[in-house]
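Structure, as structure tokens:
As the structure lists them, so they are numbered: ligands from 1, and atoms in each ligand from 1.
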Amino acid sequence: MTYRIAPSILSANFAKLGEEVDNVLASGADIVHFDVMDNHYVPNLTIGPLVCEALRKHGVTAPIDVHLMVKPVDRIIPDFAKAGATYITFHPESSEHVDRTIGLIKECGCKAGLVFNPATPLDVLEYTLDKLDMVLLMSVNPGFGGQKFIPYVLDKARAVRQMINDRGLKVEIEIDGGVGPANIADVARAGVDTFVAGSAVFSKRNESDPNRYDTIIGQMRAELAKV
Ligand code: DX5
Ligand code: ZN
């Protein structure tokens with residue numbers, strides 16, 4: 001299994017975002033997790049396509065994983081595709097027509113993912129899993145960084161891994177919320193391959209160099225190596 005670490009820039013210093021993204025990637029991160037909140041679907045407000053485009057213009061070439069916590073969702077998808085998103089994931093509750101929204105993301109040339117809140121059942125996967133590149137499981141209720149991991153989501157991860165394996169698919173499983181060195185191995189054992197970590201990464205700068213995050217990312221990789 002190839003494991004990928006996806007720092008959530010929600011916990012980065014927005015006043016110097018380009019540098020923060022460069023630094024976290026240079027410190028060993030694989031993917032940039034980009035949280036989009038609208039103060040409607042979730043009770044917080046963050047960043048939009050202009051910021052995604054600015055990161056690309058700044059020179060970021062790593063995959064950008066756009067996690068849409070907005071409702072409605074379709075209008076903004078082509079804008080994020082033009083702005084350089086690699087993945088676009090959305091919550092099924094935020095679209096009246098989930099199949100159409102998945103199709104729209106693909107038509108725009110991006111990888112598509114569905115996001116499940118902790119209490120949201122997985123039933124829409126029955127008809128959509130084979131069209132998806134990623135399933136994102138929320139291990140906190142969306143809207144804020146720094147919340148506590150909800151353990152029952154591990155059962156959901158095992159269920160999704162089983163569905164993917166049973167169907168012989170190659171869909172990635174990402175987890176988001178409250179992940180850090182203390183629980184990343186358990187999460188991986190449940191079948192997750194991609195790990196979002198916001199506060200765990202950005203609150204732990206290297207002691208020797210405040211612009212680097214190698215120590216914390218290294219700790220997470222060391223835990224993953226035990227799986
Ligand atoms: C929450 C966001 C997360 C958040 C994770 O709605 O989707 O990506 O930044 O933050 P931590 O890792 O601090 O729980
Ligand atoms: Zn997120």
Side-chain angles (χ1 to χ4, degrees), residues 3-14 17 20-21 24 27 29-49 51-52 55 62-71 73 76-77 80 85-94 105 110-120 133-154 156-157 172-188 192-205 213 216-217 219-221 223-224:
Y3 295 124
R4 299 182 305 168
I5 295 177
S8 163
I9 58 173
L10 188 61
S11 295
N13 179 353
F14 276 108
L17 188 58
E20 285 274 77
V21 171
V24 85
S27 303
D30 302 293
I31 297 178
V32 179
H33 186 77
F34 190 106
D35 285 308
V36 184
M37 304 184 185
D38 67 349
N39 189 37
H40 171 68
Y41 178 66
V42 290
N44 200 355
L45 188 63
T46 60
I47 46 179
V51 177
C52 185
L55 289 177
I64 297 182
D65 164 29
V66 172
H67 173 193
L68 293 179
M69 289 162 274
V70 306
K71 188 177 180 176
V73 70
I76 204 74
I77 285 170
F80 269 107
T86 310
Y87 294 84
I88 298 180
T89 67
F90 68 100
H91 293 245
E93 303 91 334
S94 69
I105 294 171
C110 295
K111 295 184 180 182
L114 275 178
V115 193
F116 295 89
N117 287 333
T120 303
D133 299 288
M134 177 184 273
V135 173
L136 171 50
L137 297 173
M138 293 306 299
S139 39
V140 297
N141 289 292
F144 303 94
Q147 302 180 79
K148 207 167 167 291
F149 185 87
I150 298 173
Y152 71 73
V153 175
L154 293 178
K156 288 176 90 175
E172 294 152 17
I173 308 181
E174 184 174 51
I175 200 144
D176 186 2
V179 175
N183 58 10
I184 195 168
D186 287 339
V187 176
V192 171
D193 51 74
T194 304
F195 307 86
V196 176
S199 51
V201 170
F202 284 102
S203 69
K204 289 269 177 336
R205 296 164 187 275
Y213 301 95
I216 179 66
I217 292 175
Q219 275 171 20
M220 292 168 77
R221 293 226 189 266
E223 289 299 317
L224 289 171

Check whether any side-chain heavy atom of [X] lies under 4.5 Å from a side-chain heavy atom of [Y], and answer yes or no.
{"X": "I184", "Y": "Y3", "result": "no"}
{"X": "V187", "Y": "L154", "result": "yes"}
{"X": "I175", "Y": "F149", "result": "yes"}
{"X": "F34", "Y": "H67", "result": "no"}
{"X": "V24", "Y": "I217", "result": "yes"}
{"X": "M138", "Y": "H91", "result": "yes"}

Does an N or O from [X], backbone or side chain, lie closer than 3.5 Å to an N or O of ligand 1?
{"X": "N141", "answer": "no"}
{"X": "G198", "answer": "yes"}
{"X": "G178", "answer": "yes"}
{"X": "D176", "answer": "yes"}
{"X": "V140", "answer": "no"}

- For K156 against N117, the heavy-atom pair lying closest together: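 What the structure gives for the nearest pair is NZ-O, 2.8 Å.
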Hey, which atoms in ligand 1 end up nearer than 4.0 Å to a heavy atom of [X]?
{"X": "P142", "result": "6 (O)"}
{"X": "M69", "result": "6 (O), 7 (O)"}
{"X": "H33", "result": "8 (O)"}
{"X": "M37", "result": "6 (O)"}
{"X": "V196", "result": "8 (O)"}
{"X": "M138", "result": "7 (O)"}
{"X": "S199", "result": "11 (P), 12 (O), 13 (O)"}
{"X": "G177", "result": "14 (O)"}

How far apart are the C-alpha atoms of C52 and I64, what are their side-chain angles, what is the distance that settles it, and do they pass the side chain to side chain contact (heavy atoms under 4.5 Å, CB included) test? CA-CA 8 Å; C52 185; I64 297 182; 4.1 Å; yes
For [atom], closest protein heavy-atom neighbour:
{"atom": "atom 6 (O) of ligand 1", "answer": "G143 N, 2.8 Å"}
{"atom": "atom 10 (O) of ligand 1", "answer": "G145 CA, 3.5 Å"}
{"atom": "atom 1 (C) of ligand 1", "answer": "F144 O, 3.5 Å"}
{"atom": "atom 9 (O) of ligand 1", "answer": "S8 OG, 2.8 Å"}
{"atom": "atom 11 (P) of ligand 1", "answer": "G146 N, 3.7 Å"}

Using a 3.5 Å distance criterion without hydrogens, assess whether the side chain of [X] forms a donor-acceptor pair with backbone atoms of [Y].
{"X": "N183", "Y": "D186", "result": "no"}
{"X": "D30", "Y": "I5", "result": "yes"}
{"X": "T194", "Y": "E174", "result": "no"}
{"X": "S139", "Y": "D176", "result": "yes"}

By residue and atom, what protein N/O/S atoms are less than 2.8 Å from the Zn ion (ligand 2)?
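Atoms qualifying: H33 NE2, D35 OD1, H67 ND1, D176 OD2.
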Notebook entry, point to check: Would you say F149 touches ligand 1, if touching means a heavy atom closer than 4.0 Å?
Noted result: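 Flag not set, F149 not near ligand 1.
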A200 touching ligand 1 at heavy-atom level, < 4.0 angstrom
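So A200 does not count as touching ligand 1.
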*Among side-chain atoms of D35 and H33, is any donor-acceptor pair under 3.5 angstrom?*
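Per modelled atom types, D35 and H33 side chains form a pair under 3.5 Å.
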Would Y87 and E172 count as having a side-chain donor-acceptor pair, cut-off 3.5 Å?
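The criterion, which ignores hydrogens and geometry beyond distance, is satisfied for E172 and Y87.
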With a heavy-atom distance limit of 4.0 Å, tell me whether A197 approaches ligand 1 through its side chain, its backbone, both, or neither.
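Looking at A197 and ligand 1, just backbone atoms fall under 4.0 Å.
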Does the side chain to side chain contact (heavy atoms under 4.5 Å, CB included) test come out yes or no for D193 and I173, once each step is laid out? CA-CA 6 Å; D193 51 74; I173 308 181; 4.1 Å; yes
**Prompt:** Stepwise, does the side chain to side chain contact (heavy atoms under 4.5 Å, CB included) test hold for L55 with I9?
**Reply:** CA-CA 11 Å; L55 289 177; I9 58 173; 4.2 Å; yes
